[in-house]
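Scroll down for the structure; my scribbles are underneath it.
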Amino acid sequence: MEKVRVRFAPSPTGPLHIGGVRTALYNYLFAKKHGGDMLLRIEDTDSNRFVPGAEDYIVESLNWLGIKIDEGVGAGGDYGPYRQSERKDIYLQYVNQLLDAGLAYKAFDTPEELDAKRAEIENFQYDASTRAQMNNSLLLSESEVEAKIAAGEPYVVRIKLEPGENVVINDLIRGEVIINSSILDDKVLYKSSDGLPTYHLANIVDDHLMGITHVIRGEEWLPSAPLHVLLYKYLGWADTMPQFAHLPLLLKPQGNGKLSKRDGDKLGFPVFPLEWNDPKSGEKSSGYRESGYFPEAVVNFLALLGWNPGTEQEMFSMQELVDAFSLERVSKSGAKFDYEKGKWFNHNYLQLKSNEELASLFAKELEVKGISVDEAKLATIVGLVKERVNFVSELWEQTSFFFEAPTEYDEKTVKKRWKEDTPALMQDLISVLDAIEDFSSHNMEEIVKTWIAEKELNMGAVMNAFRLSVVGAPQGPHMFDIAAIVGKQEIIDRIKKAILNIK
RNA sequence: GGUCCCUUCGUCUAUCGGUUAGGACGCCAGGUUUUCAUCCUGGAAAGAGGAGUUCGAUUCUCCUAGGGACUACCA
């Protein structure tokens, strides 16, 4: 079997969105599963929609996620250039081939004329039934055409489709899809205005020239797949046409429609892998990376949206995904994006990180707050609370009391746990704590518990008031672990402060 | 409107004619705990509707309904 070659071919019209990321991921998994190559091609044939920075953004995103590019933009290779805007001459050659073969023609209709036609005729379509009413080379003599072009009249090249043919697409996910060519229109393949082809032509030419074996793309391309099949045929490449797989779409969690770039942060979660600052509008959109997601979590989460291994395993490393992946197990229906599940994945990956690794990430956040803590100590603290959080950014609210004394005390808890005799009790606790030499968690616990037992005190009354004094709220890890880390003097100070300030 | 694709718990999904329709997220309850969280245990929760094929349909076929995509000199 020939070597598998797949491509991810985004258009640099803005940041990559999460659906595009999944398409890239599935391409990558498929390629690696079969020992093949993953190419990155930039489809910048629409000069009007080009956005500066988008290409770098795409490369950086894939890099962050661990989707490695074997060939193409940012990686080089023997089939370049990999930017379509740099391949003008190549496309022109095939445009001419189609023109010469009578499989395409030049059309001079202006956008205004086309709009007028669409307004005039309901469901107007530029095809075999209407092209005779239009302004194109099929109706003009060669010299007339040349004269128009010489006069600088812009034109487009349209494919000349024959009606009544059933075009069969053998989709690896959907099976056989049959579409009649009569419903297709004479799509524009090339624009003289900028000398660039449209997606359809560029895509087929590049996939062919680059030896692409499998085209794995979003379902939005399914309706134009027959056009692509026909183009392979027109260009004489039917024998080596790649296989197609149209992926189900990622849908909005609520409401209707597919997830789109324009959703930005409106949905309450990022739709981009990395933060994006729009150079035109100045608008900033959040990214998964900046929101504190681990790339492994994003990859794992995305992989399972539309694909499943057929087993009950949910946690997958990239390598495990590669090993388990198959297009047969990609589902056919669109998947609503479930942000909650994404958080759960991040939670799980966070648990897998070492305390030291998390501490060093957390240290950066503390630095911003002007807090510097010994890394070993910080690792201990993180270890105590990490199972409570989904993100490193949530660590602060779980640990702030390790670094600063509470400034207020949770009202409900005060009402419930701070009774008339509590100040006296806390005063006694201070004496007990003050007398402890080895202020380790275990030793402290033994001494305090013995004291409680001997004095026949109420464990809950002591411990809850103790916690309220130190933490300010009814939460947090084991009380003696907290106390050992915070240290004797500070603990005593906090209890004193609580006695003075509560009520 | 037209064409195509799709349809199992709220969500992601398993099931490739015979199952008490399974798992996960989320939700609820109970347990553990000095608190909260974690954790453990349990629970509620699904085959869109209608025909047909079959001894037997969630599974195959058709119709209806619903959802989605496409319908640009955008990709």
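Computed from a predicted structure; not experimentally measured. In what follows, chains carry the letters A, B, and so on, assigned in the order in which the sequence lines appear, proteins first and then strands, with residues in each chain numbered from 1.
A:Gly310 comes within 4.0 angstrom of no nucleic acid atom, judged by non-hydrogen atoms across all strands. Across all strands shown, A:Val156 has heavy atoms under 4.0 Å from base atoms, whether or not it also approaches the sugar-phosphate. Contacts of A:Thr45 with the nucleic acid, taken as non-hydrogen atoms under 4.0 Å apart, involve only primed sugar atoms and P, OP1 or OP2. If you check every strand for non-hydrogen atoms under 4.0 Å, A:Pro226 touches nothing. Residue-level contact check: A:Gly218 touches neither bases nor backbone, having no heavy atom under 4.0 Å from any strand. If you check every strand for non-hydrogen atoms under 4.0 Å, A:Ser331 touches sugar and phosphate atoms only. Residue A:Lys258 is classed as a sugar-phosphate contact, given heavy-atom separations below 4.0 Å to backbone atoms only.
We find that CG of A:Asn458 is positioned 9 Å from C1' of B:rU34, with the value rounded to whole Å. The separation between A:Leu247 atom CG and B:rC70 atom P is 15 Å, rounded to whole Å.
A donor N or O paired with an acceptor N or O is found under 3.5 Å between the base of B:rU34 and the side-chain atoms of A:His478.
Nearest to the side-chain atoms of A:Gln475 among the listed nucleotides B:rC12, B:rA75, B:rC36 stands B:rC36. Checking B:rC73, B:rU34, B:rC25 against every side-chain atom of A:Met479, the shortest atom distance belongs to B:rU34. Side-chain atoms of A:Trp344 lie closest to B:rA24 of the nucleotides B:rA24, B:rA14, B:rA75.
Spacing between B:rA21 and B:rU15 at atom C1', rounded to whole Å, works out to 8 Å. Comparing the same atom, P, in B:rU41 and in B:rC25 gives a spacing of 12 Å after rounding to whole Å. Distance check on atom C1': B:rC62 versus B:rU54 gives 16 Å, rounded to whole Å. Going from the P atom of B:rG43 to that of B:rG23 covers 10 Å, rounded to whole Å. Between B:rC6 and B:rU13, the two P atoms lie 14 Å apart (nearest whole Å). Going from the P atom of B:rC63 to that of B:rC4 covers 11 Å, rounded to whole Å. Here, B:rC36 and B:rA29 have their P atoms 14 Å apart, quoted to the whole Å. Nucleotides B:rU58 and B:rG50, compared at atom P, are 11 Å apart to the nearest Å.
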Show me the protein contacts with nucleotides 5-10 of chain B, counting only N or O atoms at under 3.5 Å.
| unit_1 | atom_1 | unit_2 | atom_2 | d |
| --- | --- | --- | --- | --- |
| B:rC5 | O2' | A:Arg174 | NH1 | 2.5 |
| B:rC5 | O2' | A:Glu219 | OE2 | 3.1 |

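A donor-acceptor pair shorter than 3.5 Å cannot be found between the side chains of A:Asn135 and A:Asp109. Side-chain atoms of A:Ser281 and A:Asp278 include a donor-acceptor pair closer than 3.5 Å. Defined by atom type and a distance below 3.5 Å, a donor-acceptor pair is missing between the side-chain atoms of A:Asp46 and A:Tyr199. No side-chain N or O of A:Tyr82 forms a donor-acceptor pair with one of A:Asp206 less than 3.5 Å apart. Side-chain atoms of A:Glu387 and A:His347 include no donor-acceptor pair closer than 3.5 Å. Residues A:Asn390 and A:Tyr349 have side chains that never bring a donor and an acceptor to within less than 3.5 angstrom of each other. Using modelled atom types and a 3.5 Å distance limit, the side chains of A:Arg217 and A:His246 yield a donor-acceptor pair.
With a 6.0 Å cutoff to the six-membered ring centre and a 45° limit on the axis angle, A:Lys353 counts as a cation-pi contact of A:Phe294. The cationic atom of A:Lys106 (NZ for Lys, CZ for Arg) lies less than 6.0 Å from the six-membered ring centre of A:Tyr155 and within 45° of the ring axis.
Ion pair A:Glu314/A:Lys341 flagged as a salt bridge, since at least one NZ, NE, NH1 or NH2 atom sits closer than 4.0 Å to an Asp/Glu carboxylate oxygen. Salt bridge A:Asp115/A:Lys117: absent, no basic N to carboxylate O contact under 4.0 Å.
Searching all strands for a Watson-Crick or G-U wobble partner of B:rC27 with both distances below 3.5 Å returns B:rG43. Base-pair partner of B:rU15: not found among the strands shown (Watson-Crick or G-U wobble, both distances under 3.5 Å). When both pairing distances are held under 3.5 Å, B:rG66 makes a Watson-Crick or G-U pair with B:rC6.
Here A:Arg158 reaches the OP1 or OP2 of B:rC73: one of its side-chain N or O atoms lies under 4.0 Å away. For B:rC70, neither phosphate oxygen OP1 nor OP2 lies less than 4.0 angstrom from any side-chain nitrogen or oxygen of A:Arg217.
Between A:Tyr339 and A:Phe337, the angle of the ring planes stays under 30°, which puts this pair in the parallel group of the 30/60° scheme.
Where A:Ser224 and A:Lys187 each meet RNA chain B at their nearest nucleotide, the meeting point lying more 5' is that of A:Lys187.
Ring-centre distance between A:Phe325 and A:Tyr26: below the 6.0 Å cut-off.
For the segment residues 6-20 of chain A, residues with any heavy atom less than 4.0 angstrom from an atom of RNA chain B are, sorted by number, A:Ser11. Within residues 109-127 of chain A, the residues approaching RNA chain B are A:Asp109, A:Thr110, A:Pro111, A:Leu114, A:Arg118, A:Asn123, by heavy-atom distance under 4.0 Å.
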